[in-house]
Amino acid sequence: MPLVAGVDSSTQSCKIVVRDAETGALVRQARAPHPDGTEVDPEAWWQALTDAVGTMGGLGDMAAVSVAGQQHGMVCLDDAGRVVRPALLWNDTRSAGAAADLVAEAGTGEAGRRFWADAVGSVPVASFTVTKLRWLARHEPANADRVAAVCLPHDWLTWRLGGGGDLAALRTDRSDASGTGYWSPATGEYRPDLLEQALGRRPALPVVLGPAESAGTVGGAYGSVLLGPGAGDNAGAALGVGARPGDVVVSIGTSGTVFSVADTPAADPDGAVAGFADATGRYLPLVCTLNAARVLDAAAALLRVDLADLADLALAAPAGADGLVLVPYLEGERTPNRPDATGAVHGLTLRTSTPAHLARAAVEGMLCALADGLDALRAQGARVDRVILVGGGARSAAVRRIAPQVFGCPVLVPPPGEYVADGAARQAAWLALGGTEPPQWTVGATEEYATEPVPAIRARYAEARDRIVDRADG
Ligand SMILES: Nc1ncnc2c1ncn2[C@@H]1O[C@H](COP(=O)(O)OP(=O)(O)O)[C@@H](O)[C@H]1O
Ligand SMILES: O=C(CO)[C@@H](O)[C@H](O)COP(=O)(O)O
């Protein structure tokens with residue numbers, strides 16, 4: 001039985017799973033934490049990956065390993081392959097002004113947004129790599145001058161696993177390339193002109209691999225282990241849950257994402273839907289919010305309870321929390337594009353001033369933002385046959401039970417698991433076994449949550465959503 005490993009280098013931690021390539025059976029797994037913050041030295045990801053690999057006994061018996069990771073992060077390398085400055089992550093909003101400038105340079109209003117949606121499938125906001133490069137050029141010109149190559153977190157980890165060194169060995173895949181803002185999912189080509197527009201130069205970029213192409217082999221002692229192309233974490237999750245056209249996946253991790261597998265590329269000039277590629281040769285239209293599981297973490301901290309108690313509290317309050325609404329923009333927001341926004345609580349009365357009401361409002365507010373994403377996806381023509389809920393936040397009983405009330409449809413919850421790492425492992429198995437499709441693995445017993453929809457929750461949220469103030473230091 002050949003074994004394969006899949007890695008999820010996500011915002012908060014590095015997770016690794018080892019599975020039987022043929023059956024998908026889980027053999028072992030490990031994780032290691034990442035540092036906090038929206039600016040991180042990539043060396044910390046490498047340390048976490050090597051710690052997790054060490055915990056699970058090394059890579060020596062693997063046929064292949066593939067790395068999925070948080071999307072968009074800007075990793076700049078100098079001509080000796082050294083990191084130029086700490087990576088700016090997908091949730092770092094300092095490049096919001098650069099994003100607005102890049103869009104405006106392409107045309108006024110709708111014309112600028114349309115240009116980008118047509119060129120690269122997405123209208124850039126602060127999350128996209130291209131905007132971070134513009135920020136670098138404007139704010140740290142000396143660093144910008146040293147940039148010989150730009151890559152993404154999963155590209156860099158794959159390259160390091162392969163031994164690093166030569167910048168020409170950098171590899172990425174379609175799904176992660178599609179989050180840069182200078183690669184087009186529709187044409188499958190880089191847009192070096194847009195890269196140059198942002199940075200003022202054209203540094204080297206990773207070669208974009210197809211779904212089951214190899215990025216080489218692991219360096220050093222593990223020289224016979226094949227390296228998979230890797231993926232952006234959302235494309236990894238789609239592969240991990242086995243999403244097919246008509247499935248919408250809602251992932252509640254550090255980010256909240258709503259995405260589906262599609263046969264044609266998306267190009268939404270409103271900018272709500274990012275027109276990404278997936279990890280199988282298809283497309284992955286996706287809506288992303290900056291505020292998801294950490295809204296629950298923050299509510300639990302405010303109420304001085306743990307996450308299980310937060311869920312109990314939320315389920316003890318009535319649906320709609322008697323009109324208490326929490327607008328969850330604690331980190332600013334990406335969809336809608338409000339990088340300087342703050343969160344807000346509306347509808348406080350003596351009756352709603354209870355821990356249970358606040359807990360309920362936190363869960364509902366976070367889910368309402370994702371429901372808006374579901375609407376945006378539908379507006380782009382996405383088929384919604386099934387909604388599949390994954391990510392750390394799906395471990396909350398309150399999230400699972402309240403989601404159908406807010407989304408207006410039943411929700412399927414696969415067993416708790418690391419679906420991004422599983423997707424990467426499935427990609428590694430595809431590489432190791434060959435074939436035109438990834439191997440068929442089963443996900444395990446999925447639970448269906450089908451509570452009656454409560455439209456009043458979203459109606460009340462819609463009243464509150466725009467009544468917020470920006471950051472005092474924004
Ligand atoms: N039982 C739970 N209830 C609510 N949130 C949870 C629960 N278990 C984990 N989480 C949250 O999930 C988040 C991590 O999810 P994960 O999908 O691993 O994120 P990421 O991939 O962004 O690192 C954390 O913010 C954590 O608090
Ligand atoms: O920016 C996006 C998607 O466009 C995020 O989904 C990141 O890819 C981070 O993912 P998590 O660490 O929250 O899983």
Side-chain angles (χ1 to χ4, degrees), residues 7-15 31-36 38 40 45 48 68-74 88-93 121-122 124-129 131-132 152-154 175-176 178-181 231-238 240 249-259 272-277 284-301 305-315 330-331 334-335 359 362-363 366-367 370 373 389-402 413 416-423:
V7 175
D8 173 14
S9 177
S10 73
T11 313
Q12 295 192 46
S13 60
C14 180
K15 308 136 196 187
R31 73 156 63 209
H34 283 161
D36 265 345
T38 61
V40 170
W45 303 328
Q70 53 176 310
Q71 294 187 244
H72 313 295
M74 177 187 75
L88 296 185
L89 306 195
W90 63 279
N91 54 354
D92 189 291
T93 53
S122 305
V125 290
S127 294
F128 284 74
T129 328
T131 73
K132 299 177 191 302
L152 298 166
H154 111 252
S175 67
D176 232 4
S178 64
T180 58
D233 54 0
N234 294 293
V249 180
V250 176
S251 169
I252 302 176
T254 315
S255 63
T257 53
V258 184
F259 53 91
V273 177
F276 295 152
L284 199 81
L286 177 146
V287 177
C288 179
T289 69
L290 292 188
N291 298 285
R294 278 177 167 166
V295 175
L296 308 185
D297 294 341
V305 296
D306 64 20
L307 290 167
D309 288 342
L310 184 81
D312 289 346
L313 280 170
L315 291 169
L330 310 190
E331 293 259 70
R334 162 171 165 181
T335 320
V363 175
M366 186 264 296
L367 289 170
L370 293 170
L389 197 60
V390 296
R395 294 177 197 250
S396 159
V399 167
R400 295 195 299 270
R401 286 179 51 191
I402 297 171
V413 186
E418 296 301 342
Y419 289 100
V420 176
D422 287 345

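FYI, side chains are in, hydrogens and waters are out, and symmetry mates aren't considered; it's all heavy atoms of this structure. Whatever order the structure lists them in is the order used to number ligands and atoms, beginning at 1.
Of the possible donor and acceptor atoms, none in the side chain of H154 sits under 3.5 Å from a partner among the backbone N and O of S9. With hydrogens and angles disregarded, a donor-acceptor distance shorter than 3.5 Å links the side chain of S122 to the backbone of G275. K132 contributes a side-chain N or O that, together with a main-chain N or O of L89, makes up a donor-acceptor pair within less than 3.5 Å. A side-chain donor-acceptor contact under 3.5 Å links N291 to the backbone of E331. With S251 contributing its side chain and T257 its backbone, the two residues share no donor-acceptor pair below 3.5 Å.
Between V125 and T131, every side-chain heavy-atom pair lies at or beyond the 4.5 Å cut-off. Proximity of N91 to Q70: side-chain heavy atoms (C-beta onward) are nowhere separated by under 4.5 Å.
Near ligand 2, heavy-atom contacts under 4.0 Å come from S10, T11, Q70, Q71, H72, W90, D233, N234, T254, S255, T257, F276, L286, C288, R334.
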What short N/O contacts, under 3.5 Å, does ligand 1 make with the protein, listed by atom pair and distance?
from, atom 1, to, atom 2, distance (Å)
ligand 1, 10 (N), G392, O, 3.4
ligand 1, 15 (O), G392, N, 3.4
ligand 1, 17 (O), G392, N, 2.9
ligand 1, 18 (O), K15, NZ, 2.6
ligand 1, 21 (O), S10, OG, 3.2
ligand 1, 21 (O), K15, NZ, 3.2
ligand 1, 22 (O), T254, N, 2.9
ligand 1, 22 (O), T254, OG1, 2.4
ligand 1, 23 (O), S10, OG, 2.6
ligand 1, 23 (O), Q12, N, 3.1
ligand 1, 25 (O), Q12, NE2, 3.1
ligand 1, 25 (O), D297, OD2, 2.7
ligand 1, 27 (O), D297, OD1, 2.5
ligand 1, 27 (O), D297, OD2, 3.2

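Annotation: R401, atom CZ; neighbour count of heavy atoms from other residues, nucleotides and ligands within 6.0 Å does not exceed 12.
When each of V250, V295, I402 is paired with L367, the side chain to side chain contact (heavy atoms under 4.5 Å, CB included) condition holds for I402 and for no other.
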